[in-house]
Each structure stands twice: as structure tokens, then as C-alpha cells.
Number of protein chains: 2
Amino acid sequence: MGVKRKTKSVKKLLKIFGQTNSAISAVKLAEDLHQEMNKTTVYRILERLEDEGTLHSFIGKDGLKWYANNEKDSAPYHSFAHPHFQCKSCGKTECLTMDIDIPPVPKYKIDSIKLLFIGECDDCAS
Amino acid sequence: MGVKRKTKSVKKLLKIFGQTNSAISAVKLAEDLHQEMNKTTVYRILERLEDEGTLHSFIGKDGLKWYANNEKDSAPYHSFAHPHFQCKSCGKTECLTMDIDIPPVPKYKIDSIKLLFIGECDDCAS
DNA sequence: AATTTAATGCACCTTAGTTGCAATAACAAA
DNA sequence: TTTGTTATTGCAACTAAGGTGCATTAAATT
């Protein structure tokens, strides 16, 4: 560790993420770039760019790691949703007094988040 | 495939999940049970129990597969919501490839979680 | 008890991601 | 521009999660 160097490989990755707000899996990147750089390099640069705050990552539904641009204007970096609870039996709906932390959403410009918990209220459960 | 058999191994897994509402990773189960049964057996039974609706699974933040009791009356120890995105202009809706970690909700029995991101899709934004 | 076939164990495989180390290439300084 | 320093890379080998093919075992049925 010391001074970070902006190598060709780093620039290449930055260019790719600079051109899209879509999330891209590490596997896909390593595949696409394998003529230009080693997969190890891809993984290491992704880790570095995430550490530096340029990218963020998440685990997709199949267990693969995905990366996406972390620019402030591309997606809300952090938002909180106020969940509502609705009883499936009587339909009673109420606002819960908790905030759910919603991580950055790649690719889309989000205006609002609807978060609904469906279950059974105390009255109906007894 | 044919008639499902309730073997010792299946009973053992059912007993474990019958005693807790916590989620358990497949890795942990395979480790804990490795004197009693092969890891392949563990994975196969977990898959079967999920297919049958007894368990449900999700991918944890480190990419490991977790399983938990699917009984309706059990409070979710941890749940993950699969968000959908809906365009406010054209109505196009799609499944996002990320899981949102929903912390345990006190007081309520939650059956399912609906998480909807509302915004504007690429087509409508341009 | 004999028969059928689902479930299991085992060995081996696949794939994502990581690590150690020698070779290479940024970058700074001369 | 050349030289020296060291961050970065490529490579090969590794780890760990999870899956597969097949011969063997053991539920369930007769």
C-alpha cells in the first residue's frame, strides 16, 4: 500500500462504470476483460474501487457479487423507507415506527419506496 | 422421483428446524451433521424441504445460502425482500437483482414483505 | 421375507473468489 | 532520459460452496 496508481486496467474499469449505471457482476467483468487483464486483477481493482467509494457492491440472488457506480447523482446513496403493516385478515393497516435502510439502487432513478409488511395483527391472531 | 420417503436424515433436519426459528446456513448444517450424514445429503434434503414449502432460503450478505423454517406462525428472524421496480410513467415493472435486508420486526407476525421502488425507467427518462 | 426404488455416500467436478510470489510497469527523482 | 522504488499485475495454485453420476443402502409396499 502507498500511493494508488491509475494504471491502464484501473482506467478501463473506471471507463466501463462511467458509461453505465447498471450493476455488473464480477464474473461478467472478468469474462469480458479476460483478454485485457487477468481475473485476479479485475477482482482486486473492483475491491479497490469499492474501498475508495467509487463503486458499491451487493450479493445478487444467486450469490454472485455485483458492482455498480456509486456516483451521487446516479442513484440515492442511502434512503430510508417507512414500512407499513397490513393485516391479511382484517385489513387494518398501520405505520410502523421504524426506518428500514435501503442500500443504493443501481441503474434506476428512484422517487419513492413502498415497503409493506403483510401478516396478522394481534386481534386476528388470538 | 416418486413417493418421498421420510428417512432418518430428513427427520433429523426437520427436528433441527422445528426447534428454532433462526436461519441456519447450509454450510453450518453440513458441518454440524457431518458425522451423521454426508454434506451432499444435507444439500439435497434442504433443497427438497424448500421445494415442499417447509423451508425457505435466501442468500446471505457473504453469498452463503441460508435456510429457515417456513411456518406461517413463526416470527422471521431475518428476512430478505426482493424489490421490484415500477416506472411511474409507463408502468413497466421488473425484478431487481438485489436483496434488501429487513431486520426483525417486533410485535408483528410477518408473512411476506412487499418492496416496491417507484421511479422513472431509462426509456421514459430520456 | 422379497421386491421396488427413493435416498445415501463417495469420489469427483464446477465455479467464484483469494493468495503468494516473481515479473512488470507507474511514477518520482536525478 | 535514465534510474530507482514499489504498486500493480499475471500466473499458478488454492479454498470453499455447492452440484453430479453412479453404485450401494434402506424405506416402504406387497
Side-chain angles (χ1 to χ4, degrees), chain A residues 1-18 22-68 70 103 106, chain B residues 1-18 22-68 70 78 80 97-99 101:
Chain A
M1 292 198 239
V3 177
K4 301 289 181 189
R5 292 177 182 172
K6 215 160 195 174
T7 61
K8 278 183 183 167
S9 300
V10 172
K11 285 178 190 164
K12 180 72 186 185
L13 268 288
L14 284 174
K15 190 180 170 197
I16 289 173
F17 281 102
S22 297
I24 314 174
S25 71
V27 169
K28 176 88 167 43
L29 283 166
E31 252 173 44
D32 291 352
L33 294 172
H34 108 280
Q35 308 260 21
E36 301 179 50
M37 69 189 87
N38 193 271
K39 71 167 180 171
T40 308
T41 302
V42 174
Y43 279 94
R44 284 194 277 226
I45 292 177
L46 289 172
E47 191 183 15
R48 164 180 160 181
L49 293 179
E50 186 178 15
D51 286 347
E52 293 175 3
T54 309
L55 301 180
H56 67 271
S57 73
F58 59 90
I59 303 289
K61 64 179 166 50
D62 299 317
L64 291 196
K65 199 161 189 179
W66 292 70
Y67 287 85
N70 212 14
Chain B
M1 293 195 233
V3 177
K4 301 289 180 189
R5 292 176 182 171
K6 213 158 195 174
T7 63
K8 279 182 182 169
S9 300
V10 172
K11 285 178 191 165
K12 179 71 186 184
L13 268 288
L14 284 174
K15 190 181 169 196
I16 289 173
F17 281 101
S22 298
I24 313 173
S25 71
V27 169
K28 176 86 165 46
L29 284 166
E31 251 173 45
D32 291 352
L33 295 172
H34 106 280
Q35 308 261 20
E36 302 180 49
M37 69 189 87
N38 193 271
K39 69 166 180 169
T40 308
T41 303
V42 174
Y43 279 94
R44 283 195 278 228
I45 292 177
L46 288 173
E47 189 183 17
R48 164 179 159 181
L49 293 179
E50 186 177 16
D51 286 346
E52 293 175 5
T54 308
L55 302 179
H56 68 272
S57 73
F58 60 90
I59 303 290
K61 65 177 166 50
D62 299 316
L64 292 196
K65 199 161 190 180
W66 292 71
Y67 286 86
N70 212 16
H78 244 130
F80 286 78
T97 59
M98 60 195 295
D99 291 331
D101 188 349

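All chains are named by letter (A, B, ...) in the order of the sequence lines, taking the proteins before the strands, and each is independently numbered beginning at 1.
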Participant: At under 4.0 Å between heavy atoms, how does the protein contact nucleotides 24-30 of chain D? Give one character per nucleotide, 5' to 3', with B, S or -.
Facilitator: --BBS--
Participant: Could you state the atom-to-atom distance from NZ of B/K12 to C1' of C/dT8 in whole Å?
Facilitator: 17 Å
Participant: Compute the bend angle of the helix from C/dA1-D/dT30 to C/dA30-D/dT1 from the end axes (five pairs per end), rounded to 10°.
Facilitator: 30°
Participant: Going by the rule side-chain contact (heavy atoms from CB on, under 4.5 Å), which residues pair with B/E47 if we only count those two or more places apart in sequence or in a different chain?
Facilitator: B/D51
Participant: Out of curiosity, B/I24 CD1 to B/E31 CD, how far, rounded to the nearest 0.5 Å?
Facilitator: 12.5 Å
Participant: How long is the span from the CG atom in B/N38 to the CZ atom in B/R44, to the nearest 0.5 Å?
Facilitator: 7.5 Å
Participant: Taking only residues two or more places apart in sequence, or in another chain, which ones meet B/S25 in a side chain to side chain donor-acceptor pair (under 3.5 Å)?
Facilitator: none
Participant: Looking at CG of A/L46 and CZ of A/F17, how far apart are the two atoms once the value is rounded to the nearest 0.5 Å?
Facilitator: 5.5 Å
Participant: Treat primed atoms plus P, OP1 and OP2 as sugar-phosphate and everything else as base, then score nucleotides 11-16 of chain D 5' to 3': B for base contact with protein heavy atoms under 4.0 Å, S for sugar-phosphate contact only, - for none.
Facilitator: BB----
Participant: Taking side-chain contact (heavy atoms from CB on, under 4.5 Å) as the definition, give me every residue that meets it alongside A/K6, ordered by chain and number, with sequence neighbours left out.
Facilitator: A/V10, A/K11, A/L14
Participant: Check side chain to side chain donor-acceptor pair (under 3.5 Å) between A/E50 and all other residues, then give those that pass, not counting sequence neighbours.
Facilitator: A/S57
Participant: Is any side-chain N or O of B/R48 closer than 4.0 Å to OP1 or OP2 of C/dA6?
Facilitator: no
Participant: Atom OG1 of B/T7 and atom CD1 of B/I45: how far apart are they, to the nearest 0.5 Å?
Facilitator: 5.0 Å
Participant: Holding to salt bridge (charged side-chain N to carboxylate O under 4.0 Å, His left out), I want the full list of residues that pass it with A/K12, two or more places apart in sequence or in another chain.
Facilitator: A/E36
Participant: What residues, two or more places apart in sequence or in another chain, satisfy side chain to side chain donor-acceptor pair (under 3.5 Å) together with A/R48?
Facilitator: A/E52
Participant: Are A/L55 and A/L13 packed together at the side-chain level, in the sense that at least one heavy-atom pair is separated by less than 4.5 angstrom?
Facilitator: no
Participant: Looking only at heavy atoms, what is the nearest atom pair of B/V42 and B/A26, with distance?
Facilitator: CG1-O, 4.5 Å
Participant: Rounded to whole Å, how long is the line connecting atom CG of B/L13 with atom P of C/dA7?
Facilitator: 13 Å
Participant: Tell me the interatomic distance from A/M37, atom CE, to C/dG17, atom C1', rounded to whole angstroms.
Facilitator: 17 Å
Participant: How close or far is atom P of D/dT9 from atom CG of A/L46, stated in whole angstroms?
Facilitator: 11 Å
Participant: What residues form a side chain to side chain donor-acceptor pair (under 3.5 Å) with A/K28, not counting sequence neighbours?
Facilitator: A/D32
Participant: Mind calculating the distance between CD1 (B/I45) and P (D/dG18) to the nearest angstrom?
Facilitator: 16 Å
Participant: For A/V10 and for B/K65, find the nucleotide of DNA chain D with the closest heavy atom, then tell me which residue's nucleotide is more 5'.
Facilitator: A/V10
Participant: If only side-chain N and O atoms of B/Y43 are considered, is one of them under 4.0 Å from the OP1 or OP2 phosphate oxygen of D/dG19?
Facilitator: no
Participant: Among residues 29-36 of chain B, which ones have heavy-atom contacts with DNA chain D below 4.0 Å?
Facilitator: none
